[in-house]
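Only one structure is covered here, and it is reproduced in the block below.
One is the number of the first residue; the rest follow in order along the sequence. Only this structure's heavy atoms are used, side chains among them; waters, hydrogens and symmetry mates stay out. Treat the numbers as computed from the prediction; the structure is a model and nothing was measured.
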Amino acid sequence: LLGQPSIPPAVRALRPMTEANPMAQLLAYLADGDDADWEHYAVLHALAGLENRKTVSEMQSASRLAQLRAPGDGGEIPAFVPSASGAVLHDEREIPIGEHGLRYGIVARVLPLASAADPSRYADLRVLLRFHDGTAQAACFPAYRECWNQMLSAVNLWQFVPGFEAVGNDK
């Protein structure tokens with residue numbers, strides 16, 4: 001997405017922030033401070049990977065997002081099985097903890113079909129990051145800290161997406 005000629009150089013220059021730690025991201029933002037560029041980059045970053053999307057009904061997507069927002073242990077959240085085609089693109093990915101069978105979180109991204117074809121409407125994107133904070137079973141794995149840092153980096157970046165939400169176990 002960053003290779004498109006319509007992407008301003010200032011937005012392309014933010015690419016290294018994806019790999020930066022949360023503090024470096026914050027310092028870069030404070031040094032730059034251009035909210036429009038950060039929002040543009042964050043939306044493009046959140047859109048990356050939507051090629052594996054499924055088209056579902058708005059009702060099915062809204063129901064799933066409500067389920068992901070609900071308090072409680074993430075282990076209680078069943079897998080999303082989209083049915084039929086519909087009016088929104090819905091992409092959902094689990095965030096594993098290392099090679100273990102535990103899930104650290106889920107990222108759900110939703111974009112209306114009408115907006116997918118028009119880059120000027122990418123602000124219609126909704127991103128929900130559900131993370132399992134403080135899960136004692138997960139915290140014992142060394143990879144937990146790395147997952148937590150990656151989640152903080154995602155929150156730092158995606159906070160510029162107008163439709164972003166981050167939800168933990170206890171809300």
Side-chain angles (χ1 to χ4, degrees), residues 1-8 11-12 14-15 17-18 25 29 34-97 101-135 138 147-148 150-171:
L1 292 171
L2 286 174
Q4 298 174 10
S6 62
I7 305 299
V11 173
R12 277 195 207 111
L14 294 174
R15 187 175 196 289
M17 289 300 100
T18 305
Q25 287 176 331
Y29 170 71
D34 188 339
D35 287 358
D37 286 346
W38 281 82
E39 178 181 328
H40 194 163
Y41 181 73
V43 168
L44 291 174
H45 184 270
L47 282 169
L50 270 177
E51 66 273 359
N52 297 325
R53 65 199 173 263
K54 306 240 181 330
T55 56
V56 301
S57 71
E58 253 183 277
M59 182 185 298
Q60 188 182 17
S61 183
S63 171
R64 177 56 174 183
L65 292 178
Q67 189 178 41
L68 291 175
R69 285 184 192 103
D73 183 11
E76 301 167 1
I77 300 172
F80 182 59
V81 182
S83 63
S85 62
V88 299
L89 304 175
H90 185 110
D91 180 68
E92 192 170 301
R93 314 254 168 129
E94 288 188 3
I95 305 167
I97 296 178
L102 295 174
R103 292 183 303 180
Y104 176 71
I106 298 171
V107 175
R109 295 171 293 179
V110 179
L111 183 66
L113 277 177
S115 301
D118 182 0
S120 69
R121 294 183 57 190
Y122 284 169
D124 294 342
L125 176 69
R126 299 289 168 255
V127 178
L128 187 139
L129 174 60
R130 168 67 190 246
F131 57 97
H132 311 314
D133 52 341
T135 305
C147 288
W148 181 253
Q150 289 173 352
M151 188 277 308
L152 286 176
S153 291
V155 169
N156 276 350
L157 184 58
W158 290 347
Q159 70 180 326
F160 294 97
V161 175
F164 173 68
E165 291 179 76
V167 179
N169 290 349
D170 299 321
K171 261 196 145 193

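If you take CD on Gln60 and CG on Leu65, they are separated by 11.0 Å, rounding to the nearest 0.5 Å. Rounded to the nearest 0.5 Å, atoms CH2 (Trp38) and CH2 (Trp158) are 14.5 Å apart.
Partners of Asp124 according to the salt bridge (Lys or Arg N to Asp or Glu O under 4.0 Å) rule, which considers only residues two or more places apart in sequence or in another chain, are Arg121. Judged as a ring-ring contact (aromatic ring centres under 6.0 Å, His included), and not counting sequence neighbours, Phe164 has no contacts. Residues passing the side-chain hydrogen bond (donor to acceptor under 3.5 Å, both in side chains) test with Glu39: none are found, sequence neighbours excluded.
Closest approach of Ala42 to Leu157, counting heavy atoms only: CB-O, 3.2 Å. Here the shortest heavy-atom pairing between Val107 and Val127 reads CG1-CG1, 4.5 Å. Contact record, Gln67 with Arg130: O-NH1, 4.3 Å, taken as the closest heavy-atom pair.
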side-chain contact (heavy atoms from CB on, under 4.5 Å) assessment of Tyr29 paired with Asp35:
CA-CA 8 Å; Tyr29 170 71; Asp35 287 358; 2.4 Å; yes
